[in-house]
Undergrad: 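Sending over a structure as structure tokens; questions will come in a sec.
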Amino acid sequence: KKDVEYGQYNGLPRQDQAMQKWRENRFGQFIHWGLYAIPGGIWEGKTYPYASEFLRGSAKIATSTWDSLIYQFDIPKYNPKEWAAIAKNMGVKYVTITTKHHEGFCLWPSEYTDFDIENTPYKKDLLREFVDAYTAVGIDVNFYYSVLDWHHPDWRYDIKSDEDRAAFERLKQFTKNQLVELVTRYPEVKGLWFDGTWDNSWKKSGQFSYELEKLLKNKRPGLIVNSRMRADEHGSRHFDSNGILMGDYESGYERRLPNPTDKEVLTRDWECCMTIPENQWGYHKDWSISHVKSPLELIEMLVQCTSQNGNFLLNFGPMGNGDIRPEEREVAKEIGEWMKVNSEAIYGCGPADLEKQDWGYYTYNEKNGKVYMTVFNNPVLGKYKIRLPKSHTLKKASLITKQVESLEIKQISPTDYFIIPDKINNKKPFVIILEIVDRA
Ligand SMILES: C[C@@H]1N[C@@H](C#Cc2ccccc2)[C@H](O)[C@@H]1O
């Protein structure tokens with residue numbers, strides 16, 4: 001074991017009300033919005049296929065040129081109440097918005113920089129309007145904040161000289177000031193989603209990130225922080241040098257999910273953040289350059305995350321004028337239609353202690369004792385197999401849409417059962433509720 005003074009300090013998994021709500025929420029909306037939404041992946045007529053929020057680097061644009069995009073950020077179509085209505089209809093219970101991405105542009109009027117919304121044609125505090133609109137419809141608000149700041153003159157990728165050290169000390173003070181500002185100006189905020197913490201300069205700031213997490217949680221009791229914020233004093237990220245998770249949940253699943261039968265992730269809280277295209281967080285004008293995930297693909301990811309004790313954070317990249325693109329509106333509508341019928345299998349649910357079958361995923365709600373099976377794959381066999389421990393028996397199976405009717409069950413061994421699907425419309429993912437009882 002290594003000596004770790006600046007690693008994990010609060011017992012996990014957290015069982016306080018704020019964390020239980022975070023866990024029960026299960027489904028969230030990520031929003032990436034900044035100056036990068038204006039060019040939308042295209043610069044001087046050339047389309048750059050890499051993530052649009054990295055266009056500044058992809059197109060080798062001078063910082064001064066990039067930063068002058070601030071004068072075009074007038075967002076005539078920005079309508080946070082409509083954004084919140086779209087999110088509510090999709091069925092998300094929380095939202096995480098980029099208050100400042102790597103470019104350093106702040107969506108709120110910060111007293112610590114002029115590179116913020118106050119110096120755009122829009123001028124107003126769009127973050128306050130956003131927080132009010134989402135809070136009004138009962139969606140919890142979290143803030144994404146990038147420590148990496150390409151605009152700030154004191155950012156350093158590594159600390160190799162006294163000058164680096166002095167500069168990065170100023171950057172850390174700036175970071176602390178902005179974060180205290182955010183949790184103070186917007187006390188409704190439930191959590192902070194840190195990013196841009198992969199460089200050596202931050203890996204060498206373990207004590208600072210430890211003390212910053214403590215400071216912010218003192219300012220905002222109940223605040224939830226992702227593991228990506230942290231490094232310990234040995235430079236170990238997400239997990240300290242003894243393998244203990246830091247922050248309050250693991251946030252390493254970016255555009256990927258664990259193996260569906262991975263049992264290790266069940267031991268902790270975690271969240272997967274996901275793009276609709278293959279790799280675009282900010283708005284990109286041309287979505288034809290990569291695969292765009294269908295609502296069904298995204299619904300399956302949401303169900304898989306829930307089945308393995310994880311949250312699913314689906315990303316939207318609003319346009320430079322503040323509108324939501326038609327493709328994202330369509331995704332939100334179709335996922336919302338599915339959630340209206342089946343969200344009982346998601347909200348407040350987690351893993352069921354049952355052997356995964358090929359037809360899909362089990363989720364379990366410990367408050368009502370119900371097991372939900374969400375079917376994505378119809379077996380050629382034509383029947384859905386369930387395997388229970390010998391100590392239990394399958395008492396009833398019913399469609400979530402017709403819970404009074406029992407489906408036909410056939411026990412084929414001490415542990416195995418078939419559910420016969422003659423009353424099942426299996427053209428779309430559907431949910432069967434299982435009542436399983438202890439034989440004792
Ligand atoms: C949540 C996601 N993390 C950010 C990133 C990244 C990245 C991607 C490749 C190499 C290094 C860093 C993306 O811009 C988005 O904000």
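In each ligand, atom 1 is the first atom listed, and ligand 1 is the first ligand listed.
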Undergrad: Hey, is Thr98 touching ligand 1 through its side chain, its backbone, both or neither, going by heavy atoms under 4.0 Å?
TA: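 Neither part.
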Undergrad: Is the shortest side-chain heavy-atom distance between Pro351 and Tyr364 below 4.5 Å?
TA: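 No; the side chains remain at least 4.5 Å from each other.
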Undergrad: Starting from atom 6 (C) of ligand 1, which protein heavy atom do you reach first, and at what distance in Å?
TA: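 That would be Phe54 CZ, 3.7 Å.
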Undergrad: Taking side chain as C-beta onward, heavy atoms only, is Ile117 less than 4.5 Å from Tyr122?
TA: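 The answer is yes, as the side chains (C-beta and beyond) meet within the 4.5 Å cut-off.
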Undergrad: Which ligand 1 atoms, with their elements, are less than 4.0 angstrom from a heavy-atom of His32?
TA: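 Selected atoms, number and element: 15 (C), 16 (O).
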Undergrad: Using distance alone, with no hydrogens and no angle criterion, decide if Asp125 and Tyr186 have a side-chain donor and acceptor under 3.5 Å apart.
TA: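 On atom types as modelled, these side chains qualify, holding a pair under 3.5 Å.
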Undergrad: In terms of atom number and element, which parts of ligand 1 are under 4.0 angstrom from non-hydrogen atoms of Glu53?
TA: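 Answer for ligand 1: 13 (C), 14 (O).
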Undergrad: Provide, to 0.1 Å, the distance between atom 2 (C) of ligand 1 and the closest protein heavy atom, together with that atom's residue and name.
TA: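 For atom 2 (C) of ligand 1, the nearest protein heavy atom is Glu254 OE2, 3.3 Å.
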Undergrad: Do Trp150 and Phe105 make a side-chain contact, defined as non-hydrogen atoms from C-beta onward lying under 4.5 Å apart?
TA: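 Result no, sub-4.5 Å side-chain heavy-atom pair not found.
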Undergrad: Check each of Tyr144, Tyr50, Trp281 against atom 8 (C) of ligand 1 and report the one with the nearest heavy atom.
TA: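 Heavy atom nearest to atom 8 (C) of ligand 1 belongs to Tyr50.
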Undergrad: Answer yes or no: does an N/O atom from Trp193 fall short of 3.5 Å to an N/O atom of ligand 1?
TA: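 No.
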Undergrad: Would you say Tyr372 and Glu344 are linked by a side-chain donor-acceptor pair, where the criterion is simply a distance under 3.5 Å?
TA: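 Judged by distance alone, the side chains do pair up.
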Undergrad: Compare all side-chain heavy atoms of Tyr78 with those of Phe130 and state whether any distance is below 4.5 angstrom.
TA: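 Contact flag for Tyr78/Phe130 side chains = yes.
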Undergrad: Enumerate the atoms of ligand 1 whose separation from the nearest heavy atom of His101 is less than 4.0 angstrom.
TA: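 In order of numbering, the contacting atoms are 13 (C), 14 (O), 15 (C), 16 (O).
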Undergrad: Check for me whether Lys190 meets the cation-pi criterion with Tyr94, that is, NZ or CZ under 6.0 Å from the six-membered ring centre and within 45 degrees of the ring axis.
TA: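 Not flagged: Lys190 not positioned over aromatic ring of Tyr94.
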Undergrad: Could you list which atoms of ligand 1 come closer than 4.0 Å to a heavy atom of Asp195?
TA: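 Near Asp195, meaning under 4.0 Å from one of its heavy atoms, ligand 1 has 1 (C), 2 (C), 3 (N), 4 (C), 15 (C), 16 (O).
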